[in-house]
Amino acid sequence: MKLLKSAIVTAGVLLLSGCADITKDKETVFVEELLKRMTLEEKIGQMNQVNWNGNYSHVKKGMVGSVLNVTNINELIEMQRCAVEESRLGIPVLISRDVIHGYRTMFPIPLGQAATFNPELVEKGARVAAIEASSDGIRWTFAPMVDISRDARWGRIAESCGEDQYLTSVMGDAMVKGFQGDDLSSPTSIAACVKHFVGYGAAEGGRDYNSTGLTENVLRNVYLKPFESACSAGAATYMTSFNDNDGIPASANEFILRSVLRNEWGFDGVVVSDWGSIAEMVPHGFAENRKSAAMKSVNAGVDMEMESRSYIENIAELVNEKKVSERDIDNSVRNILRLKYRLGLFENPYVDPNSNVVYAPDHLQAAKQAATQATILLKNNNRTLPLNEGRIKSVTITGPMAHAKHDQMGTWSFDGEKEKTVTPLEAIGDMLGDKIKIIYEPGLAYSRDNDKTGINKAVKAAQQTDATIVFVGEEAILSGEAHSLSNLDFVGAQSELISALTATGKPVVMVVMAGRPLTIGNEIDKCDAVLYSFHPGTMGGPALADLIFGKAVPSGKTPVTFPKTVGQIPVYYNHNMTGRPANRNETLMCDIPVEAGQTSLGCTSFYLDSGFDPLYPFGYGLSYTTFEYEGVKLNSVNFGKNDIITAVCTIKNTGDYEADEVVQLYTRDLVGSINRPVRELKGFKRVSLKPGESKEVTFELPVSELAFWNRNMQYAVEEGEFHLWISPNSKSGQPVSFRVD
Ligand code: BGC
């Protein structure tokens, strides 16, 4: 047995040492040779992923293909030793963990990272996470999550890149590249897992795990887009989602998993189920028992089962009964072995227990830069911000998020350490403690705190100082998986705290740290300036201190529409037009005359109590400076389907701060074989401008990028008239027209 194993390992090493152009063949030979030697039980073992439970004997028996959540490095090495040295074929185990927005060094939550509109920075964040995680033996992460999220009630909006398929695609691709690096076999590369396939973000009512009812048209034009893009970016794995779409649970959807993913996109990596999602087809009412669930998932093309044991307990019997084919099992095992081969695990299965790269200075620097660029300036009346340390002699720092070391890290910070988090209170103290007087009165102990006794103390402090900075928002636990809300107002007594502080008449800067957009228009109205920072991670404090005191200038833009009220949800910028669009002079409820006639309001599409517009549109964010956009120039007004549109706009910094602006390109297809969105993001660029400086910003847009899945479910550009904008957000700017013929 020993001989066989070492022969395989030697063959593997020899095969790995050849030139690049024959790598694929070597990979195939290696995988096929190994597959031939495997028993059915060993194959089924590869398809089994377990939450680490200390069961080394299962590993020795070859019953485990992958583990998740081994947190002790010595156990991890011992577990791998059991697989490599004591299992019959010595196949290494693939070690996985949710490394979503950082491993130890926590970056802003993905929604915040999307707000940077800076894919290079997002890629760097994923690279840092990969370097840190792989130094602890992790070679597979369950990220990026590229679920389109148009509903802020859904707690997992925090983990998403927001509502737009283009932005999500760009950011998802950047994360894939960052996690996987240039070469998957490098010891610092970790396989990405694009999740949750598919439609999960459209959960009815924003309630996690709930059903979705997406048509093929909406799936293809919106929800599948970032998944397809990640496939082209080389994503190694996909995860099926928990939801049923149109009655079919994702882990049994062979149309998505076989026809689309494998046949249309040519994916040759691994598909893993979500945690327990195969067995959960029983409570769904889609399978009678776990055996039938296993059969449906194997037949649909799910290669590996995460955690729920339906595969390991039932596949052998299902093969004997000919309810699943050994050919499908072989294909799944091929995918798994191929991934392990590509990760270099056969050659190099062990992690060096002495490598320690966490919290490297450049990791912290990148996390700070990400938190800085992720922060969105929503309001700045009378140029309240930046606070000027020369003019302000004293400041009150208050609010439950001012010094919330744990909560600032956000959801999915399994391995983040709160001791390492630098809060705004600490950072402002470090920056200015010896220059100005700082009074800290939290007011409330945590976001849900309803004990108002601290509010008076905060107000007294505010009365004595020149300005107040109130840090409010949500604790990390209020967003993320299974943490949906039906009300998005401030929790606890935060609203009362803000009212009491603003009643002092002193300038109040509100800084919101949250996992989602909150419906806080009333509080925003009361404050002089507002910064919105989706949970910003380890270095959130220094980033915010720099922004508040003018050492950095805000440049984040909203990656999702901010609703005024929960009732406006779903609200997103790239909606279709109704036949009766709202005009901007809607009569709201309070202005309706008594006994007004039924049709007197004009019969358009809006809410009587909140109108049509959201609180803030997609792509919105202010700066300490101002930017002027000149008219857009196109290289032509008539294009053929193979042409490239060149759109140019000059942007001028008309204020007095050097700053970045995120310049956005949108188009609209005016008439289609199906209704087309009122605007679609097609590109963006982050541009740095000195005061008074102008730059020409050029976008090259191939006409082919105007294609969509049409009425006949074909992906094509349709002829006709289009509009194009280059603008600072999804609502503003004047379009120019062109035709495609
Ligand atoms: C989540 C996944 C996650 C998995 C493993 C599930 O509950 O939906 O996103 O990767 O657990 O922790």
Side-chain angles (χ1 to χ4, degrees), residues 48-53 64-71 93-103 109-111 126 129-130 133 136 138-149 154-161 168 172 175-176 179 190-203 206-212 223 226-227 230 235-245 249-251 253 269-281 283-284 297 302-311 410-416 476-477 479-484 515:
N48 186 31
Q49 181 183 60
V50 296
N51 190 36
W52 180 238
N53 50 13
V64 178
S66 171
V67 294
L68 65 166
N69 302 331
V70 203
T71 48
V93 167
L94 179 47
I95 295 155
S96 64
R97 181 121 171 116
D98 290 284
V99 180
I100 311 289
H101 55 105
Y103 180 62
I109 56 171
L111 194 57
D136 270 352
I138 295 155
R139 297 299 306 282
W140 187 13
T141 180
F142 302 118
M145 180 182 118
V146 295
D147 297 314
I148 297 302
S149 309
W154 190 48
R156 297 197 88 165
I157 195 172
E159 199 185 339
S160 81
C161 292
T168 301
M175 289 182 199
V176 167
F179 287 132
I190 64 178
C193 185
V194 195
K195 68 186 189 185
H196 303 85
F197 205 41
V198 65
Y200 185 41
R207 182 160 50 77
D208 207 2
Y209 313 126
N210 207 2
S211 300
T212 61
Y223 286 81
F227 288 92
T237 74
Y238 278 70
M239 183 190 291
T240 56
S241 54
F242 286 123
N243 58 298
D244 65 306
N245 186 51
S251 299
N253 193 330
V270 170
V271 174
V272 64
S273 76
D274 201 347
W275 181 290
S277 69
I278 295 180
E280 285 172 19
M281 292 199 284
H284 263 294
S297 287
V302 181
D303 301 317
M304 186 182 276
E305 178 179 30
M306 184 188 286
E307 189 46 24
S308 53
R309 301 190 63 81
S310 323
Y311 273 18
T411 187
W412 281 130
S413 34
F414 277 169
D415 301 289
I477 193 66
S479 61
E481 184 176 351
H483 300 147
S484 296

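Numbering of ligands and ligand atoms starts at 1, following listing order.
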Contact check: His196 vs ligand 1, nitrogen or oxygen atoms, below 3.5 angstrom: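 In this structure, His196 places an N or O atom under 3.5 Å from an N or O of ligand 1.
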Short N or O distance, Glu481 and ligand 1, threshold 3.5 Å exclusive: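 So ligand 1 has an N or O lying under 3.5 Å from an N or O of Glu481.
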Nearest non-hydrogen protein atom, atom 2 (C) of ligand 1: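 Result: Asp274 OD1, 3.2 Å.
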Nearest protein heavy atom with distance in Å, relative to atom 10 (O) of ligand 1: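 That would be Asp98 OD1, 2.5 Å.
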[X] versus [Y]: any side-chain heavy-atom pair under 4.5 Å?
X: Glu307; Y: Gln49; answer: no
X: Ser96; Y: Phe142; answer: yes
X: Ser479; Y: Ile157; answer: no
X: Ile148; Y: Thr168; answer: yes
X: Met175; Y: Cys161; answer: yes

Residue portion contacting ligand 1 (non-hydrogen atoms closer than 4.0 Å) for Met145: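 Answer for Met145: neither.
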Ligand 1-proximal atoms of Arg156, by part, heavy-atom distance under 4.0 Å: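 Under 4.0 Å from ligand 1, Arg156 contributes side-chain atoms alone.
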May I ask you to list the atoms of ligand 1 that are less than 4.0 angstrom from any heavy atom of [X]?
X: Met306; answer: 4 (C), 5 (C)
X: Phe142; answer: 10 (O)
X: Phe242; answer: 6 (C), 7 (O), 8 (O)
X: Lys195; answer: 2 (C), 3 (C), 9 (O), 10 (O)

Chi angles and distances behind the side chain to side chain donor-acceptor pair (under 3.5 Å) call for Asn245, Thr212: CA-CA 5 Å; Asn245 186 51; Thr212 61; 2.8 Å; yes
Any Glu307 heavy atom less than 4.0 Å from ligand 1: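 Per 4.0 Å heavy-atom rule, Glu307 does not contact ligand 1.
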Arg97 near ligand 1 by a heavy-atom separation under 4.0 Å: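 Contact check Arg97 vs ligand 1: negative.
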Ring center gap for Tyr200 and Trp154 short of 6.0 angstrom: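 Judged by ring-centre distance (under 6.0 Å), Tyr200 and Trp154 do meet the cut-off.
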Intermediate values then yes/no, side chain to side chain donor-acceptor pair (under 3.5 Å), Tyr103 and Asp136: CA-CA 10 Å; Tyr103 180 62; Asp136 270 352; 2.7 Å; yes
